[in-house]
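As structure tokens, the structure follows; a few thoughts come after it.
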Amino acid sequence: NKNFDAEGFDDTTDVFVSGELAAQFSEDTKVSLLAQRDIEETSVSNESADSGAYYVSTGLWATLSHTFAALPNFSLSGSLSYQQESYPEDVDDRSDNNFEVGVGAEYKFLKYVGVGLDYQYSQTDSNIDANDYSDNIVTLSIKGIL
């Protein structure tokens with residue numbers, strides 16, 4: 001239940017849940033599936049009563065990771081997700097559909113240091129054309145494992 005102090009926003013009462021199912025098919029292969037419905041706040045929409053003070057996010061995320069037996073320090077991963085965002089307070093009844101797909105690789109040195117390279121493509125399809133976009137992200141990471 002959200003009770004907003006600002007007079008421009010209606011209060012909201014709803015139920016939000018999330019759940020994750022993870023399976024490890026072998027010592028080297030893991031799969032997880034996450035389903036979630038949540039209320040999100042955004043500073044962008046807080047600045048304008050046009051979009052409202054929050055949006056409702058409903059989504060499904062799947063990931064797969066595999067470590068090679070012949071190369072135990074090397075692993076590959078992949079991810080796929082769909083997320084629908086609705087803005088109940090938006091004057092234009094805004095609704096966004098977000099799709100993401102990603103792949104990655106990681107190599108661990110000396111069991112305590114890892115180097116990773118990831119690529120992620122995301123696309124947002126909104127019922128308001130000005131909010132449609134796509135994004136390409138490449139990430140190089142260096143991890144220290146304690």
Side-chain angles (χ1 to χ4, degrees), residues 1-26 28-68 71 73-109 112-146:
N1 184 354
K2 278 195 176 289
N3 297 311
F4 294 99
D5 292 338
E7 293 186 25
F9 304 115
D10 293 334
D11 296 339
T12 180
T13 301
D14 211 332
V15 175
F16 300 95
V17 297
S18 67
E20 183 172 7
L21 176 64
Q24 188 161 343
F25 292 108
S26 70
D28 302 324
T29 305
K30 298 176 190 174
V31 174
S32 68
L33 183 63
L34 173 67
Q36 181 176 345
R37 179 172 169 85
D38 200 1
I39 190 168
E40 304 285 346
E41 296 180 47
T42 173
S43 63
V44 173
S45 62
N46 282 337
E47 294 170 5
S48 168
D50 293 343
S51 297
Y54 68 95
Y55 61 94
V56 177
S57 171
T58 306
L60 186 63
W61 295 263
T63 60
L64 169 68
S65 63
H66 180 74
T67 302
F68 293 92
L71 297 167
N73 294 341
F74 182 70
S75 62
L76 292 177
S77 62
S79 63
L80 181 65
S81 70
Y82 168 75
Q83 187 175 6
Q84 198 273 334
E85 297 170 350
S86 60
Y87 296 74
E89 297 283 317
D90 191 283
V91 294
D92 295 322
D93 199 26
R94 178 179 169 186
S95 178
D96 297 346
N97 293 303
N98 304 309
F99 304 94
E100 290 184 0
V101 61
V103 293
E106 182 179 53
Y107 188 81
K108 292 181 184 172
F109 297 94
Y112 300 107
V113 178
V115 175
L117 182 64
D118 297 298
Y119 169 75
Q120 184 173 4
Y121 172 79
S122 63
Q123 179 180 348
T124 294
D125 181 25
S126 179
N127 65 333
I128 299 172
D129 290 339
N131 295 327
D132 292 348
Y133 70 92
S134 62
D135 198 6
N136 292 280
I137 300 172
V138 176
T139 306
L140 176 64
S141 61
I142 299 173
K143 300 177 185 177
I145 303 164
L146 301 175

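All values derive from a computational prediction rather than experimental measurement.
Note that OG of Ser65 is 8.0 Å distant from CD of Gln24, once rounded to the nearest 0.5 Å. In this structure, the separation between CD on Gln83 and OG on Ser57 is 3.5 Å, given to the nearest 0.5 Å. The CG atom of Leu34 lies 5.5 Å from the CD atom of Glu20; values are rounded to the nearest 0.5 Å. Summarising the geometry, atom CG belonging to Asp135 is positioned 11.0 Å from atom CG belonging to Asn98; distances are rounded to the nearest 0.5 Å. With values rounded to the nearest 0.5 angstrom, Leu117 atom CG is found 6.0 Å from Leu140 atom CG. To the nearest 0.5 angstrom, Gln123 atom CD is 10.5 Å from Asn136 atom CG.
Classified by interplanar angle (parallel below 30°, tilted 30° to 60°, perpendicular above 60°), the ring pair Tyr107/Phe74 is tilted.
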*Assess whether side chain to side chain contact (heavy atoms under 4.5 Å, CB included) is satisfied between Leu33 and Leu60, documenting all intermediate values.*
CA-CA 7 Å; Leu33 183 63; Leu60 186 63; 3.7 Å; yes
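No donor-acceptor distance shorter than 3.5 angstrom exists from the side chain of Asp38 to the backbone of Ser18, with no hydrogens or angles considered. Remark: the backbone N or O of Ser126 is paired with a side-chain donor or acceptor of Asp132 at under 3.5 angstrom.
Ring centroid separation for the pair Tyr121 and Tyr119 does not come in under the 6.0 Å cut-off.
Scanning all heavy atoms of the two residues, the minimum distance from Asn127 to Arg94 falls at OD1-CA, 3.4 Å. A pairwise comparison of heavy atoms in Asp118 and Gly104 identifies OD1-CA, 3.1 Å as the closest pair.
Under the side-chain contact (heavy atoms from CB on, under 4.5 Å) criterion, Leu64 pairs with Thr29, Val31, sequence neighbours left out. For the side-chain contact (heavy atoms from CB on, under 4.5 Å) test, residues two or more places apart in sequence or in another chain that qualify with Gln84 are Tyr82, Ser86, Ser95, Asn97.
Between Asp96 and Tyr87, the closest side-chain pair of non-hydrogen atoms falls below 4.5 Å.
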